[in-house]
Amino acid sequence: MTEVRTRFAPAPSGSLHVGNARTGLFSWAHARHHGSAFILRIEDTDASRVTEEAVHGVMDSLRWLGIDWDEGPDVGGPHAPYRQSQRLDLYRETTERLLSQGDAYPCYCTEAELEERRRSAMARGEPPPNDRCRDLTAGERAAFEAEGRPHAVRFRMPEREWVTNDLVKGEVRWAPGHLKDFVLLRSDGTPVFLLAVAVDDLVMGVTHVIRGDDLLDSAPRNAAVIQALGGTPPEYAHVPQVMGADGKPLSKRHGSTSVEAFREQGFLPEALMNYLALLGWSKDAETTFLSRDELIEAFDVSRVSKNPARFDVDKLEWMNNHYIQRLDDDDLAARCLHFLSVAGLSPEPGTLRAAMPIVKERMKHLTESVGLLRFLFSDDVEPDERATAEIAKAPEGYLKAVADALAELEPWTTEAIHARLDEVAGAFELNRRKGFAPVRAATTGSTISPPLPESLELLGRDRTVDRLQGLG
RNA sequence: GGUCCCAUCGUCUAGUGGCCUAGGACACCACCCUCUCAAGGUGGAGACACGGGUUCAAAUCCCGUAGGGAUCACCA
């Protein structure tokens, strides 16, 4: 059995959105499933669109999700460097070789000329013509050179039928003449993606390329370059795109779709990974929850769906809540701490940890811990509108009576508080619902909170009584 | 427009000719539980785009139609 080598090659323009992340996840899962090397390569041949932060942002997002790599820009490897912008010499040398072999040729057309020919061909309903520079005579070439015209380098795409056996799409064919010559090297000497990808996949010994299906038409071009270089093309698996809820490709108007944004909203990486794994892939008819290891164990790229999937935030949130509920209290508290701090709160560790059992099934996002627990970690509890109304509805002297009853309560436990609250409510002929509501409003400032007795136990007797008396 | 890809509940999907009066999950509805909000439990509604074939038999195979997506850059 031959060695498997898989890579993920994101272009770091902007942040990593969940669609790309899913492609990366599939690539990674495929590599890990085969116990083989996973390579991270940064596709930054178009230097103008890349920033250093973007490169790190991509790596941070992947790592946060739980995706690791054996070779990459930061960890190095036998084929370093792993950023295409640092491999320019290799691409130029390769271009020279292709040129001398006759598999590529200089093209002197200007962008305006190209654009014009493209437009008129499209207007006539014909495919764009192949490049006129394809068969320039030595004389014509010399004339252009004499003019001082800059030239790009084009690959001479063999005019034959191309067939790829895609791991997810199956057999795909392109009839002769449908794949045009394409630019390998821009006139400024920088390489284009089609060259860089082919060269790197070949040189790095990549055996499996899992990428978005927007690159399906690139497969035969990549393969053609690799063949011209005497290599064997890798296996390709083109996975469908991830769409927004409206069925349109993910874009800015779908809001924040970056992995970073989900992280900031308080999603758990294990939940996002699980959700993404099931977006366009399934283990079987039943499986809904997969740990990282179970995903690795079960992943099979040939079971990836062929049609595009919509990103469903509702389901992600449901899954996030599921994972939050299953976290142990110390872990959950540590994760919530970050969001509470960001909100300006400084939770006492013991109280925070003790509060986890009563909030975990109430959070879809970790950020919700702020609203649920603010009353514990801040004495600035200004009742909101509904809470104020609830307090106003309480019978004359009720909150005062509750305060007095709780002031001397011993022991200060959930059970005792619960019983005492019921007693006072009963004395005022209030049912539990009506009896608890104003107390909740006065002590938490809200009509929504974790269970009241538990909340008050955590709040402590003094603060509870203070808040009740403060409102008479 | 040319070329390529796709097609099962609102959404993600199971399904590879008989196991399907189409299964699961999210969302939705009802009920139960209940101090609010959740969580949880039980039940319900809900799909094979359409039209032709092939076959004893089709969600599954073939061909059309109407859809959706991709691509046709000196972006990746």
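Order of the sequence lines fixes the chain letters, A, B, ..., with proteins taken first and strands second; residue numbering starts at 1 for each chain. All of these numbers come straight from a predicted model, not from anything done at the bench.
In a base pair of the Watson-Crick type (N1 to N3 plus N6-O4 or O6-N4) or a G-U wobble (N1-O2 and O6-N3), with each distance short of 3.5 Å, A45(B) is matched with no nucleotide. Nucleotide A57(B): unpaired (no Watson-Crick or G-U wobble partner with both distances less than 3.5 Å).
The pair R420(A)-E415(A) fails the salt-bridge criterion, with no side-chain N (NZ, NE, NH1 or NH2) lying under 4.0 Å from an Asp/Glu carboxylate O. At a threshold of 4.0 Å, the pair D135(A)-R156(A) counts as salt-bridged, since one of the basic side-chain nitrogens sits closer than that to a carboxylate oxygen.
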Output side-chain donor-acceptor pairs under 3.5 Å for residues 387-394 of chain A, partner residues at least two apart or in another chain, one line each.
residue : atom : partner : partner atom : Å
T388(A) : OG1  : P383(A) : O            : 3.4
T388(A) : OG1  : D384(A) : O            : 2.8

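Legend: salt bridge (Lys or Arg N to Asp or Glu O under 4.0 Å) pairs involving residues 265-278 of chain A, not counting sequence neighbours, sorted by first then second residue: E270(A)-R335(A).
Taking side-chain N and O atoms only, T287(A) has no distance below 4.0 Å to OP1 or OP2 of G24(B).
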Each nucleotide N or O in nucleotides 3-5 of chain B that has a protein N or O under 3.5 Å away: list the pair and distance.
residue : atom : partner : partner atom : Å
C5(B)   : O2'  : K169(A) : NZ           : 2.9

For nucleotides 60-62 of chain B, which of its nitrogen or oxygen atoms have a protein nitrogen or oxygen under 3.5 Å away, and what is each distance?
none

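At a cut-off of 3.5 Å, with distance as the only test, a side-chain donor of S449(A) or R440(A) sits close to an acceptor on the other residue.
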Inset, instruction - For each nucleotide in nucleotides 31-49 of chain B, reading 5' to 3', give B when a protein heavy atom comes within less than 4.0 Å of its base, S when such contact involves only the sugar-phosphate, and - otherwise. - result: ----BBBBS----------
Legend entry - Contact letters for nucleotides 9-17 of chain B, in which S counts primed atoms plus P, OP1 and OP2 and B counts the base, heavy atoms under 4.0 Å: --SBSSS--
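F262(A) and F311(A) have tilted rings, their planes meeting at an angle from 30° to 60° on a 0 to 90° scale.
Between U16(B) and A73(B), the distance separating the two C1' atoms is 40 Å to the nearest Å. Rounded to the nearest Å, the gap between the P atom of U11(B) and that of U3(B) is 29 Å.
Closest to the side chain of T288(A), out of A25(B), U71(B), C74(B), is A25(B).
Across all strands shown, K434(A) has no heavy atoms under 4.0 Å from either base or sugar-phosphate atoms.
Counting heavy atoms from C-beta on, the side chains of V153(A) and V183(A) never come closer than 4.5 Å.
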